[in-house]
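Working notes, beginning with the structure itself.
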Amino acid sequence: MTSELLSLSSGSNPVTIRNILSALKKDGVISVKFGTGGATLNCPLEEITIHRICKAIEPDFISKLFGVHSFPSPLCPVGKNIHNVLNCSYPKIQNDLCDSLERITLKDLVTDYHYFRKDAEA
């Protein structure tokens, strides 16, 4: 399947698809056959976690997901304290999210896909 076909299916730009495939290739998740298109998995589905995929595509995805305004106003009572307040909770939230993403594998998603596809065809 080419990046153009994947882009039609996903509603994404083909360049975005190629960037994702390149990141997954660099991480060793897939091998990509250039020219006619095509990718193959380099490891079993149960070894590919959602966390690994996210980290391959965007290494700083956790910090970007939970980013806090870098320069809040020191004149604002909320702004001048927001970093201290959120720094109490954010590390636990980030760790919990990473743990959850580590428990969900590509095999889980494929299993869910087949379940709902069969259900939709009935």
Side-chain angles (χ1 to χ4, degrees):
M1 183 171 279
T2 65
S3 56
E4 284 76 19
L5 287 173
L6 286 170
S7 72
L8 289 173
S9 175
S10 65
S12 298
N13 186 301
V15 173
T16 301
I17 298 295
R18 286 192 285 275
N19 289 338
I20 290 170
L21 292 173
S22 176
L24 294 172
K25 179 184 175 195
K26 184 177 179 181
D27 188 64
V29 174
I30 63 172
S31 296
V32 178
K33 185 172 130 186
F34 291 100
T36 58
T40 55
L41 293 173
N42 290 334
C43 44
L45 294 174
E46 54 273 2
E47 291 180 16
I48 305 169
T49 66
I50 299 304
H51 183 266
R52 181 176 180 183
I53 292 169
C54 290
K55 195 129 177 91
I57 294 169
E58 178 54 65
D60 295 330
F61 82 99
I62 289 290
S63 61
K64 287 185 177 182
L65 186 62
F66 290 100
V68 181
H69 191 301
S70 300
F71 303 105
S73 172
L75 303 176
C76 173
V78 174
K80 70 180 177 183
N81 292 299
I82 195 68
H83 284 259
N84 293 330
V85 171
L86 294 178
N87 285 339
C88 293
S89 300
Y90 270 18
K92 181 174 178 0
I93 294 168
Q94 291 171 337
N95 288 334
D96 289 349
L97 176 60
C98 287
D99 289 345
S100 292
L101 294 175
E102 282 287 348
R103 287 191 300 270
I104 302 169
T105 66
L106 203 49
K107 182 174 179 151
D108 297 325
L109 296 181
V110 169
T111 299
D112 291 345
Y113 166 77
H114 287 296
Y115 173 79
F116 287 106
R117 184 176 144 216
K118 185 176 11 173
D119 194 45
E121 291 174 354

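Just so we're clear, the structure is a prediction, and the values are computed from it rather than from any experiment.
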* Structure fact -> One should read off an interatomic distance between Leu8 CG and Ser3 OG, to the nearest 0.5 angstrom, of 10.0 Å

* To do: With rounding to the nearest 0.5 Å, note down the distance linking OG in Ser73 to CD1 in Ile82.
  => 13.0 Å

* Taking atom CG of Leu106 and atom OG1 of Thr49, what is their separation to the nearest 0.5 Å? -> 9.5 Å

* Under the salt bridge (charged side-chain N to carboxylate O under 4.0 Å, His left out) rule, collect the residues that match up with Asp99, sequence neighbours excluded. => none

* Asked: For Ile20 and Leu6, what are the C-alpha separation, side-chain angles and deciding distance, and is it a side chain to side chain contact (heavy atoms under 4.5 Å, CB included)?
  -> CA-CA 11 Å; Ile20 290 170; Leu6 286 170; over 6 Å; no

* Considering all heavy atoms, the nearest Ser31-Asn42 contact -> OG-OD1, 2.7 Å

* To do: Using the test side chain to side chain contact (heavy atoms under 4.5 Å, CB included), find all partners of Ser7 that sit at least two apart in sequence or belong to another chain.
  => Pro14, Ile17

* Asked: Which pairs, with at least one residue in residues 2-29 and sequence neighbours excluded, count as a ring pair (Phe, Tyr, Trp, His ring centres under 6.0 Å)?
  -> none

* State which residues pass side chain to side chain contact (heavy atoms under 4.5 Å, CB included) with Ile30; sequence neighbours excluded, sorted by chain then number. => Leu21, Leu24, Lys25, Val32, Ala39, Leu41

* Atom CG in Asn81, atom CG in Asn87: separation rounded to 0.5 Å? -> 11.5 Å

* **Contacts of type salt bridge (charged side-chain N to carboxylate O under 4.0 Å, His left out), residue Lys26, not counting sequence neighbours** => none

* Within residues 103-115 or reaching into it, pairs that qualify as side chain to side chain donor-acceptor pair (under 3.5 Å) - sequence neighbours excluded -> Ser100-Arg103, Thr105-Asp108

* To do: Consider only side-chain heavy atoms of I, L, V, M, F, W and Y, link residues closer than 4.5 Å, and tell whether Ile93 and Val85 are in one cluster.
  => no

* Asked: Donor-acceptor pair, Asn95 side chain versus Pro91 backbone, under 3.5 Å?
  -> yes

* Asked: Going from CD1 on Ile48 to CD1 on Ile104, what distance comes out if it is rounded to the nearest 0.5 angstrom?
  -> 14.5 Å

* To do: Sorted by first residue and then second, give each ring pair (Phe, Tyr, Trp, His ring centres under 6.0 Å) pair with at least one member in residues 82-102; sequence neighbours left out.
  => Phe66-Tyr90

* Asked: Who pairs with Gln94 by side-chain hydrogen bond (donor to acceptor under 3.5 Å, both in side chains), at least two apart in sequence or on another chain?
  -> none

* Mind checking what makes side-chain hydrogen bond (donor to acceptor under 3.5 Å, both in side chains) contact with Thr16, not counting sequence neighbours? -> none

* Answer yes or no: is there a donor N or O on one side and an acceptor on the other, between the side chain of Asn13 and the main chain of Val15, under 3.5 Å? => yes

* Asked: Between NZ of Lys55 and CG of Asp60, what distance do you get to the nearest 0.5 Å?
  -> 6.5 Å

* What ring pair (Phe, Tyr, Trp, His ring centres under 6.0 Å) pairs are there with at least one residue in residues 4-23, not counting sequence neighbours? -> none

* With Glu58 via salt bridge (charged side-chain N to carboxylate O under 4.0 Å, His left out) - residues at least two apart -> Lys64

* Structure fact -> Smallest heavy-atom separation, Arg52 atom then Glu47 atom, equals NH1-O, 4.0 Å

* Which residues pass the salt bridge (charged side-chain N to carboxylate O under 4.0 Å, His left out) test with Glu102, sequence neighbours left out? -> none

